[in-house]
Amino acid sequence: MNDFTNALSAAICGKADAALILSEANRFYYTGFPASDGALLVTAKGAIFYTDSRYTEAAIRRLGGQYVRNSASMYEDLTAEFEKQGVKTVAVEADRLTLAEFSNLQDKLPGVTFLSDATLTDLIEAQRSIKMPEEIEKMTAAQRIAEAAFDHILGFIKPGVTEKEVGLELDYYMLSHGADALSFETIAVSGVNSSLPHGVPSEKKIELGDFVTMDYGAVKDGYHSDMTRTVAVGKVNDEQKLVYETVLKAQLASLNTFKAGVSCFDGDKAARDVIKEAGYGDYFGHGTGHGVGVEIHEFPRVSPASKAILQAGHVVTAEPGIYLPGKFGVRIEDMALITETGCIDLTNCPKELIIL
Ligand code: ZN
Ligand code: ZN
């Protein structure tokens, strides 16, 4: 079908006779075709996309008629295909299927043995984590939309405007400037609320001396962007300044550490050490970053618990933060493409403290 399905076909060989991909995100990754329903069968002979009449014509246009089956009775069609190709073992997505869905598969496809351990999950994660140039282009395009929204919002934020209004303005700007969707529910928090790492925008009005943290992104052609900026309104005190500078130093330390062959543990530690040394170690509770792609959170995680090693082609975020309960918080987040010699920051947006 394409390079992605060919690579999976080769990777599954020797482990199972086929991979059956049912989850929306993985189906989209392998076919490039967005559909709420369907199944992708990948075997040594190639790939077949089963879908119903709602999607058949669009799928044929996108993928080519030889790869698409209009399947009113998908399980019977799959059974026939298994017999035709001699498929005995079928790997499934253990991390995506519910127990009910798996039980249903076992009922409907009784002639095969399912490989339901982490085999297929691990293969897909590894493949999806290495971004191809066309994927990087889409993510960069999404990121550029978010950056334009940032420029716009700097002129919008002022005392009296609510967090909700800031969030909605970012959303409206992105959606009316090329974004297909929002990466996730935009975070726009200010003042005491900025100490909540994933706070929800409220009716709180922005006040003089507030930090405003905005964490948001755009989706373009199925690929996500993710960025966070914290800006100050009117003035900052010495503590705000120190915390901002510490977070920025930590963020740069992790970006400077990112490189193919470096562990995610060390990528996280670089940022964490800076924050610890400044005395704020207790106020940085989350991991430093995560992979991004057809989903907002993907393999690998850049965290103390991660055993993953960064590879060329990974796109991961660097987003350390310091959150002082009842006071304020700061987070700065960029997306970076890992290379053999370091990383390329895909975020083209200033990070020095902006006081509006
Ligand atoms: Zn984010
Ligand atoms: Zn993020």
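Just so it is clear, the structure is predicted and the values come from calculations on it, not from any experiment. Keep in mind that the numbers below use all heavy atoms, side chains included, and drop hydrogens, waters and symmetry copies. In each ligand, atom 1 is the first atom listed, and ligand 1 is the first ligand listed.
Using a 4.0 Å cut-off between charged side-chain N and carboxylate O, R128 and E295 make a salt bridge.
Figure legend: cation-pi geometry between R272 and F284, with NZ or CZ positioned under 6.0 Å from the six-membered ring centre and within 45° of its axis.
A salt bridge (charged side-chain N to carboxylate O under 4.0 Å, His left out) with R229 is found for exactly one of D151, D334, D215, namely D334.
No other N/O/S atom of D215 lies as close to the Zn ion (ligand 1) as OD1 does. Take the N/O/S atoms of E333: the one nearest the Zn ion (ligand 2) is OE2. For D226, the N, O or S atom with the smallest separation from the Zn ion (ligand 2) is OD2.
Each ring-ring contact (aromatic ring centres under 6.0 Å, His included) pair with one or both residues in residues 199-238, not counting sequence neighbours, appears once here: F211-F328.
Side-chain contact between D37 and D52: present, with at least one pair of heavy atoms (C-beta onward) separated by less than 4.5 Å.
At a cut-off of 2.8 Å, E319 coordinates the Zn ion (ligand 2) through an N, O or S atom. Note on H297: not counted as a metal contact of the Zn ion (ligand 2), no N/O/S atom lying under 2.8 Å.
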